[in-house]
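Okay, so here's the structure we're looking at.
Residue numbering restarts at 1 for every chain, and letters A, B, ... go by the order of the sequence lines.
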Protein chains: 2
Amino acid sequence: MSDTSHRRERQRERTLTEIKDFARAQLVASGPASISLRAIARDMGMTAAALYRYVPALDALVIELCTDLHNEVRIACEAARDADPDTDPVRQLLVMARELRRWALAHRPEATLIFGPPLPGVEQFHQQCEDLQCAGAQFGQIFVQPMLELWQAGRLPAVPHVDLDRLAGALPAHGELPIEVTAVFLTSWTRLYGILAAELFGQLSWAATDTEPLFEAELASFAAQIPATATPASRRNS
Amino acid sequence: MSDTSHRRERQRERTLTEIKDFARAQLVASGPASISLRAIARDMGMTAAALYRYVPALDALVIELCTDLHNEVRIACEAARDADPDTDPVRQLLVMARELRRWALAHRPEATLIFGPPLPGVEQFHQQCEDLQCAGAQFGQIFVQPMLELWQAGRLPAVPHVDLDRLAGALPAHGELPIEVTAVFLTSWTRLYGILAAELFGQLSWAATDTEPLFEAELASFAAQIPATATPASRRNS
DNA sequence: CGCGAAAGTAAACACCGTTCACTCAAATGA
DNA sequence: TCATTTGAGTGAACGGTGTTTACTTTCGCG
């Protein structure tokens, strides 16, 4: 009984992943704006209307795609991190950042979808990212975590020039993170994101064709702020 | 004779700017992806086919819009710069950067169009930016210029960690700029762009609602690298 | 085997970009 | 002044899109 009813469910799930596979193929082939239900249905040998048995609307499909891609890039970064024997948080951050860049440049349309401006109807995705369980937040978390470890080890330097009081007033509700960690995370993240997004979106095509020196310099300047071992005076937790 | 023919031309130009005005109104109202020739024609009380007398295709119209917007934000930054009596290049850079952020946040859809990933069919815009006369390059130029002045005054510090040789190999043909200036410009620009783009595209909505502290910190850390007066040892030109 | 739910279809609606043949008015030249 | 050329604008059409509706077919379950 449950076997047979499961058969239906499995069939349903297979069709849904097939839909997402074709959607991704279109994303890769023609960019985020060209994902079309009718084309997916055509590729699958079905009618567009049939897809509405599986997906409430195109927007929802794209949002699911965003979720999958966030998970994919997170898992790729985690794998790169775990493949490195060095467990130093700084080292882990560098390895993950490089893997993020590698993934993004190897999957430009996908990266453009998740790191670019939300398509109309997909703005909702970033909103729901305030939920820590959502894929976007979990992706961010793998970069937050090592920074938290650095802070606990007393190795996180105060970020210069950041108005911590004002920043603290601009955080969402779930902010159980120390404000110093938030500050260093945000400044580091936006720097990485800047190089990546600028290259992804072609904003640097007039100025440089290879941004790896810039990327590596940013990583180096990040690592340089952090002492290899804890400064005794700034040690905080165990 | 030339009067009358000019009358036609002026009429034609008025219609064209009217088209662009309505296009921008749509951009502001519904985002970059929602600019539609049919809707523009509807708003103007015309047929969509008539617009093809003025614009070869939708893509071309959007590209023209990008050009206009680049000019607009450039002029806004120049105005802010010139309104400040301080002629110190560092001060000018800070003023222009703040104006850039102000403009972008006050014109989010427009900023998303020109700073986000190119719409399908508009990739061409960034390519043509290798031409220094194009609007995109001229916009970049107003930030390059003060940095060049700093370099000429011997106040530009070597950017740490950047592999200048490799970067030099990744520059387009028109690079008559000193490589040190290029390096400091690109690292500073991508940092600014990162904060701006992250906020524009909602990438930080889960982490912070107000990025001004981050932006100001980035400006401060840029200014901090640059000596107020020339280091005698590093002075280069007049 | 028959029933009922799920899957899929066809047609329609309202959009979209783009093209083509056509009309109409206005500027031009003789 | 009158005929002609040129340009603006129209209407219909083609193929594309998301989405809804009513209908049919398929298939697992009792």
Between [Y] and [X], is the closest basic N to carboxylate O distance under 4.0 Å?
X	Y	answer
B:Glu72	B:Arg24	yes
B:Arg10	B:Glu13	no
A:Arg98	A:Glu216	yes
A:Glu18	A:Arg14	no

OP1 or OP2 of D:dA8 under 4.0 Å from side-chain N/O of B:Arg12: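 Looking at the OP1 and OP2 atoms of D:dA8, one of them is under 4.0 Å from a side-chain N or O of B:Arg12.
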Examine C:dC15: is either OP1 or OP2 under 4.0 Å from a nitrogen or oxygen in the side chain of B:Ser36? Give yes or no. no
Per nearest nucleotide of DNA chain D, the residue lying toward the 5' end, A:Ala48 or A:Arg53, is A:Ala48
Nearest-angstrom distance from the residue atom [atom1] of [X] to [atom2] of [N]:
X	N	atom1	atom2	answer
B:Met46	D:dG11	CE	P	12 Å
B:Leu16	D:dA8	CG	C1'	14 Å
B:Ile35	C:dG17	CD1	P	10 Å
A:Arg42	D:dG15	CZ	P	13 Å
A:Leu51	C:dA7	CG	C1'	12 Å
B:Asp59	C:dT18	CG	C1'	11 Å
B:Leu37	C:dT18	CG	C1'	9 Å
B:Ile19	D:dG9	CD1	P	8 Å

Go through C:dC16, C:dA7, D:dA8 for me and flag the one nearest to the A:Tyr54 side chain. C:dA7
Using the side-chain heavy atoms of A:Tyr52, tell me which of these nucleotides is nearest: C:dT18, D:dG9, D:dT20. D:dT20
Acceptor/donor pairs from residues 187-198 of chain B side chains to any protein atom, 3.5 angstrom cut, sequence neighbours excluded:
{"unit_1": "B:Thr187", "atom_1": "OG1", "unit_2": "B:Ala183", "atom_2": "O", "d": "3.1"}
{"unit_1": "B:Thr187", "atom_1": "OG1", "unit_2": "B:Val184", "atom_2": "O", "d": "3.1"}
{"unit_1": "B:Ser188", "atom_1": "OG", "unit_2": "B:Val184", "atom_2": "O", "d": "2.7"}
{"unit_1": "B:Thr190", "atom_1": "OG1", "unit_2": "B:Leu186", "atom_2": "O", "d": "2.9"}
{"unit_1": "B:Thr190", "atom_1": "OG1", "unit_2": "B:Thr187", "atom_2": "O", "d": "3.1"}
{"unit_1": "B:Arg191", "atom_1": "NE", "unit_2": "A:Glu218", "atom_2": "OE1", "d": "3.1"}
{"unit_1": "B:Arg191", "atom_1": "NE", "unit_2": "A:Glu218", "atom_2": "OE2", "d": "3.2"}
{"unit_1": "B:Arg191", "atom_1": "NH2", "unit_2": "A:Glu218", "atom_2": "OE2", "d": "2.7"}
{"unit_1": "B:Tyr193", "atom_1": "OH", "unit_2": "B:Phe115", "atom_2": "O", "d": "2.6"}

Identify the heavy atoms of B:Gly121 and B:Ile63 that sit nearest to each other, and give their distance. O-CD1, 4.1 Å
Give me, pair by pair, the N or O atoms of the protein and of nucleotides 11-13 of chain C that are less than 3.5 Å apart, along with how far apart they are.
none

Six-ring centre of B:Phe215, B:Arg101 cation under 6.0 angstrom, axis tolerance 45°: yes
